[in-house]
Amino acid sequence: EGELGTPLSSSAEPIFTAESRIPVYWRGESYTYYDSRSWSRGNDDSIPLNLSALPDKSASFTGYSESRILHQRIQFAVPSSGGLPLFSAGRVLDIAAIQLTDGSRQGFVFANKEKDSFRLQNLAGPARVTEYTVKSLLPETDPDHLRRLAGPDPAEIRNTYLELPSALPRRVSSLAEAITAPAGGRYDAAVAVRDYLQNRYTYTLDTRVPPPGSDFIDDFLFETEEGYCVHFATAMITLLRSVDIPARYVKGFGPGTAEEGSAPQRYVITQGDAHAW
């Protein structure tokens with residue numbers, strides 16, 4: 001939260017353990033609006049959603065192979081008072097067994113209108129959330145399939161995920177055009193941006209908040225040329241949006257560290273795994 005670029009220090013403090021048959025990125029929540037200095041969610045009207053309303057009957061998830069479906073069990077290292085994003089891999093299909101320290105279960109979560117982002121209820125009493133289970137649909141990652149995707153973006157996507165600050169320096173969009181010019185399509189344009197950032201910039205936690213009046217990404221791309229995941233993610237989104245490819249900012253955790261010999265496979269996720277993409 002707050003201004004982007006604050007220097008960080010790594011920590012091995014455990015946040016949760018997770019059962020998952022494969023390592024995944026733990027998506028927490030996405031952000032929409034970049035204002036040159038920070039990210040915000042935009043319309044954050046969340047409504048209570050009874051868990052009995054899941055799976056979402058209005059959406060069709062038939063035809064997906066079992067390899068795209070993932071069951072995860074998340075257990076907090078310290079029982080949570082709630083208010084946190086519900087961490088999962090991919091699109092949440094179902095939520096079950098939100099267990100509390102007093103032996104009871106929560107029957108609802110808070111969801112956005114698209115039902116693709118969820119938060120745990122804030123708990124006022126002594127009970128705390130110890131664990132929950134989630135069923136997710138993993139995103140498509142096959143390059144051949146992604147290269148074949150075509151067609152116009154829905155109006156809601158265009159109006160939301162192409163937003164850029166009005167004062168964004170022109171050299172940022174010029175760089176985006178140069179990077180993506182050789183690409184044959186959107187997927188290859190995204191890969192080109194990813195590779196450019198990976199190969200040209202240095203990863204470090206020892207960073208700075210940009211000088212007053214300057215744009216965070218302009219400062220990263222053309223002045224400091226170093227940063228951590230927040231810098232790289234914001235840069236990629238800004239460059240993609242500059243060439244009319246919708247993108248959004250996601251916060252969560254990396255896969256964590258596998259516990260050897262655990263069955264089912266368990267991962268330990270720490271503060272050091274906090275991530276943005």
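Quick caveat, the model's predicted, so the values are computed rather than measured. Worth knowing before you read on, the calculation uses all heavy atoms, side chains too, and leaves out hydrogens, waters and symmetry mates.
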Q: So, do Glu156 and Asn159 sit near enough that their side-chain heavy atoms are less than 4.5 Å apart?
A: no
Q: As an exercise, state the distance from CD1 of Ile95 to CG of Leu49, rounded to the nearest 0.5 Å.
A: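 Between atom CD1 of Ile95 and atom CG of Leu49 there are 7.0 Å.
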Q: Where the side chain of Asp188 meets the backbone of Gly184, is there a donor-acceptor pair that is under 3.5 Å apart?
A: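 Here the side-chain-to-backbone pair does not exist.
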Q: Roughly how far, to the nearest 0.5 Å, is the NZ atom of Lys135 from the CZ atom of Arg91?
A: 13.5 Å
Q: Side-chain heavy atoms nearer than 4.5 Å, only ILVMFWY residues, links allowed to pass through others: does that put Phe216 and Leu164 together?
A: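 Looking at the clustering, Leu164 is in the same group as Phe216.
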Q: Check for a donor-acceptor pair, side chain of Asn112 on one end and backbone N or O of Lys115 on the other, with a separation under 3.5 Å.
A: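 Checking the backbone N and O of Lys115 against the side chain of Asn112, a donor-acceptor pair under 3.5 Å is found.
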Q: Could you check whether any side-chain heavy atom of Asp219 comes within less than 4.5 Å of a side-chain heavy atom of Thr224, counting everything from C-beta outward?
A: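 Heavy-atom side-chain distance check passes, below 4.5 Å.
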Q: Any idea how Phe87 and Phe253 line up, ring-wise: parallel (<30°), tilted (30 to 60°), or perpendicular (>60°)?
A: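 Perpendicular, since the angle between the ring planes exceeds 60°.
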Q: List the steps, then state whether side-chain contact (heavy atoms from CB on, under 4.5 Å) holds for Asp94 with Val134.
A: CA-CA 6 Å; Asp94 203 1; Val134 180; over 6 Å; no
Q: Please verify the inter-ring angle class for Phe232 with Phe220; under 30° counts as parallel, over 60° as perpendicular, anything in between as tilted.
A: perpendicular
Q: Minimum heavy-atom separation for Ser10 and Leu205, please, with both atom names.
A: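 Taking Ser10 first and Leu205 second, the nearest heavy atoms are N-CD1, 3.9 Å.
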Q: Do Val78 and Leu100 sit in one hydrophobic cluster, given that two such residues count as connected whenever their side-chain heavy atoms are within less than 4.5 Å of each other, even indirectly?
A: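 As far as the 4.5 Å side-chain criterion goes, Leu100 and Val78 are not connected within one cluster.
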Q: Inspect the contact between Glu225 and Arg200 and indicate whether a charged nitrogen and a carboxylate oxygen are less than 4.0 angstrom apart.
A: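 Salt bridge: no.
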Q: If you round to the nearest 0.5 Å, how far is CG of Leu120 from CZ of Arg128?
A: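 Arg128 CZ to Leu120 CG: 12.5 Å, rounded to 0.5 Å.
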Q: Quick test of your reading of the model: are Glu223 and Arg171 salt-bridged, counting only N-O distances below 4.0 Å?
A: yes
Q: Are any of the side-chain heavy atoms of Ser20 and Leu70 separated by less than 4.5 Å?
A: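 Yes. Closest side-chain heavy atoms under 4.5 Å.
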Q: Let me check something: do Phe222 and Val193 share a hydrophobic cluster, defined by ILVMFWY side-chain heavy atoms less than 4.5 Å apart, either directly or through other members?
A: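 Yes: a chain of side-chain contacts under 4.5 Å links Phe222 to Val193.
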Q: Could you tell me which non-hydrogen atom of Ile15 sits nearest to which non-hydrogen atom of Thr270, and how far apart they are?
A: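 So the two residues come closest at CG1-C, 3.7 Å.
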Q: Let me see the working for Ile245 and Arg241 under side-chain contact (heavy atoms from CB on, under 4.5 Å), right down to the final yes or no.
A: CA-CA 5 Å; Ile245 298 177; Arg241 289 183 177 188; over 6 Å; no
Q: Are Phe118 and Leu84 connected in the hydrophobic side-chain network, where two residues link if heavy atoms are under 4.5 Å apart?
A: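 Hydrophobic grouping puts Phe118 with Leu84.
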Q: Should we count CG of Asp142 as having more than 12 external heavy atoms under 6.0 Å?
A: yes
Q: Group every Ile, Leu, Val, Met, Phe, Trp and Tyr by side-chain heavy-atom contacts under 4.5 Å, then state whether Trp26 and Phe76 land in the same group.
A: yes
Q: Taking Gln75 as the fixed residue, which of Glu19, Gln99, Arg266 is the one that meets the side chain to side chain donor-acceptor pair (under 3.5 Å) rule?
A: Arg266
Q: Could you go step by step and tell me if Asp144 and Tyr187 meet the side chain to side chain donor-acceptor pair (under 3.5 Å) rule?
A: CA-CA 9 Å; Asp144 291 336; Tyr187 176 80; over 6 Å; no
Q: Could you grab the distance from atom OG1 of Thr130 to atom CD1 of Ile74, nearest 0.5 Å is fine?
A: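 Reported value, rounded in 0.5 Å steps: 12.0 Å.
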Q: Locate the shortest heavy-atom distance separating Ser136 from Gln72; write the atom from each residue and the value.
A: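 For Ser136 and Gln72, the tightest heavy-atom pair comes out as OG-NE2, 3.0 Å.
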Q: Establish, for the pair Arg41 and Tyr31, whether the NZ or CZ atom is under 6.0 angstrom from the six-membered ring centre and no further than 45 degrees off its axis.
A: yes
Q: So how far is it from Arg194 CZ to Leu239 CG, rounded to the nearest 0.5 Å?
A: 14.5 Å
Q: Are the side chain of Thr160 and the backbone N or O of Ile157 linked by a donor-acceptor pair below 3.5 Å?
A: no
Q: Which is it for Trp39 and Thr234 under the side chain to side chain donor-acceptor pair (under 3.5 Å) test, yes or no, and what are the steps along the way?
A: CA-CA 9 Å; Trp39 280 99; Thr234 305; 3.0 Å; yes
Q: State, yes or no, whether a side-chain contact exists between Val172 and Leu221 at a heavy-atom distance under 4.5 Å.
A: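 In short, these two side chains touch, coming nearer than 4.5 Å.
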Q: Salt bridge (Lys or Arg N to Asp or Glu O under 4.0 Å), that's the test. Do Arg105 and Glu131 meet it? Break it down for me.
A: CA-CA 10 Å; Arg105 295 186 178 187; Glu131 66 174 81; over 6 Å; no
Q: Could you check whether Asp215 and Tyr34, counting side-chain N and O atoms only, form a donor-acceptor pair closer than 3.5 Å?
A: yes
Q: So which heavy atom on Val109 is nearest to which on Leu86, and how close?
A: CG1-CD1, 4.3 Å
Q: Rounded to the nearest 0.5 Å, what separation is found between the CD1 atom of Ile217 and the OG atom of Ser36?
A: 10.0 Å
Q: For the residue pair Arg248 and Tyr161, would you count it as a cation-pi contact if the rule is NZ or CZ under 6.0 angstrom from the ring centre and within 45 degrees of the ring axis?
A: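 Output yes; distance and angle both within limits.
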Q: Just by distance, no angles: are the side chains of Ser262 and Gln265 close enough, under 3.5 Å, to form a donor-acceptor pair?
A: yes
Q: Can you confirm if the aromatic rings of His231 and Tyr201 lie within a centre distance of less than 6.0 Å?
A: no
Q: How about Gln121 and Leu123: do any of their side-chain heavy atoms sit closer than 4.5 Å?
A: yes
Q: Which pair of non-hydrogen atoms, one from Asp153 and one from Pro246, has the smallest distance, and what is that distance?
A: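 The pair with the smallest heavy-atom distance is OD2-CG, 3.5 Å.
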Q: What is the minimum heavy-atom distance between Thr207 and Thr204, and which atoms define it?
A: CG2-O, 3.6 Å
Q: Under the criterion side-chain contact (heavy atoms from CB on, under 4.5 Å), I'd like the reasoning laid out for Leu168 against Ser242: C-alpha separation, chi angles, the key distance, then a yes or no.
A: CA-CA 10 Å; Leu168 185 72; Ser242 294; 4.1 Å; yes
Q: Is it the case that atom OH in Tyr25 sees more than 12 heavy atoms from other parts of the structure closer than 6.0 Å?
A: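 Open.
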Q: Checking side-chain contact (heavy atoms from CB on, under 4.5 Å) for the pair Lys251/Val230: CA distance, chi angles, key distance, verdict?
A: CA-CA 9 Å; Lys251 288 201 313 184; Val230 170; over 6 Å; no
Q: So, does Arg37 use its side chain to make a donor-acceptor pair with the main chain of Pro210 at under 3.5 Å?
A: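 Indeed, once roles are kept as given, a pair shorter than 3.5 Å links the two residues.
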